[in-house]
Amino acid sequence: MNGINAYLKRKMMFARIFGILTCLIAIAGIVLKYLAIIDEWLCIMSIAYCLGMIFTYNSNLQNVKVGNPWQRINSICAILMYILVVFIIVYGFTSGELVVQF
């Protein structure tokens, strides 16, 4: 039983640490947008991607309990955030707002 408890504790700490780091990345994106270092497109994409990562970590954390509906909800939200990032990239390039500069 101690092995399972240690595994679950490591899994929870991993999810918490990466959740905090991902939140810090999102906050850094907002600060960089406020300081006019990055544009709003990159800020929105980074926040949506960070939210997708957080939902992914939560769904991986909640797979301990079989049949947990929150795992499915977090997985669906993660997929929606990743789809949003792809949509923003495609929309930005097709509308001409995003350009690749060398």
Side-chain angles (χ1 to χ4, degrees):
M1 193 67 170
N2 286 335
I4 294 172
N5 288 339
Y7 168 75
L8 293 176
K9 188 173 183 177
R10 279 193 313 268
K11 192 171 188 175
M12 287 177 60
M13 289 305 295
F14 178 77
R16 287 178 183 156
I17 289 170
F18 279 102
I20 291 170
L21 290 175
T22 308
C23 288
L24 291 175
I25 292 170
I27 291 170
I30 293 170
V31 170
L32 291 174
K33 165 62 178 111
Y34 179 74
L35 297 174
I37 295 174
I38 62 173
D39 61 347
E40 61 271 356
W41 288 94
L42 186 59
C43 181
I44 292 171
M45 283 187 289
S46 67
I47 290 172
Y49 185 76
C50 287
L51 282 172
M53 292 297 292
I54 290 170
F55 283 125
T56 302
Y57 292 137
N58 282 338
S59 68
N60 288 335
L61 180 63
Q62 293 173 347
N63 70 354
V64 174
K65 188 176 179 183
V66 177
N68 189 353
W70 289 108
Q71 180 185 6
R72 289 187 200 107
I73 292 169
N74 280 316
S75 298
I76 290 169
C77 289
I79 291 169
L80 290 175
M81 288 296 121
Y82 294 137
I83 290 172
L84 177 65
V85 171
V86 171
F87 175 76
I88 290 171
I89 292 170
V90 170
Y91 179 76
F93 280 118
T94 56
S95 68
E97 295 287 330
L98 287 175
V99 293
V100 178
Q101 297 177 353
F102 293 103

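How far CG of L84 is from OH of Y49: 13.5 Å, rounded to the nearest 0.5 Å. A distance of 7.0 Å separates CG in D39 from CE in M45, rounded to the nearest 0.5 Å. A distance of 9.5 Å separates CZ of F18 from CD1 of I25, quoted to the nearest 0.5 Å. Atom CD1 of I47 and atom CD1 of I88 lie 9.5 Å apart (nearest 0.5 Å). Rounded to the nearest 0.5 angstrom, L51 CG and T56 OG1 are separated by 10.5 Å.
No chain of hydrophobic side-chain contacts below 4.5 Å, direct or via other Ile, Leu, Val, Met, Phe, Trp or Tyr residues, connects W70 to M81. In terms of hydrophobic clustering, with Ile, Leu, Val, Met, Phe, Trp and Tyr side chains grouped at heavy-atom distances under 4.5 Å, I27 and F55 are assigned to a common cluster.
Residues V85 and A48 come closest through the heavy atom pair CG2-CB, 3.6 Å. The minimum heavy-atom distance between S75 and S59, with the atom names listed, is OG-CB, 3.3 Å. Taking all atoms of both residues into account, the shortest heavy-atom contact from C23 to I54 is SG-CD1, 3.5 Å. In terms of heavy atoms, C43 sits closest to S46 at O-OG, 2.9 Å.
Residue-environment remark: CZ (F93) exceeds the threshold of 12 foreign heavy atoms within 6.0 Å.
Residues R16 and M13 have side chains in contact (heavy-atom distance under 4.5 Å, counting atoms from C-beta outward). At least one side-chain heavy atom of M53 sits under 4.5 Å from a side-chain heavy atom of Y82. A heavy-atom distance below 4.5 Å is not found between the side chains of I20 and I17.
No option in V31, L42, L32 other than L32 meets the side-chain contact (heavy atoms from CB on, under 4.5 Å) test with I37.
Using a 30° and 60° split on the angle between ring planes, Y57 and F14 fall in the perpendicular class, above 60°.
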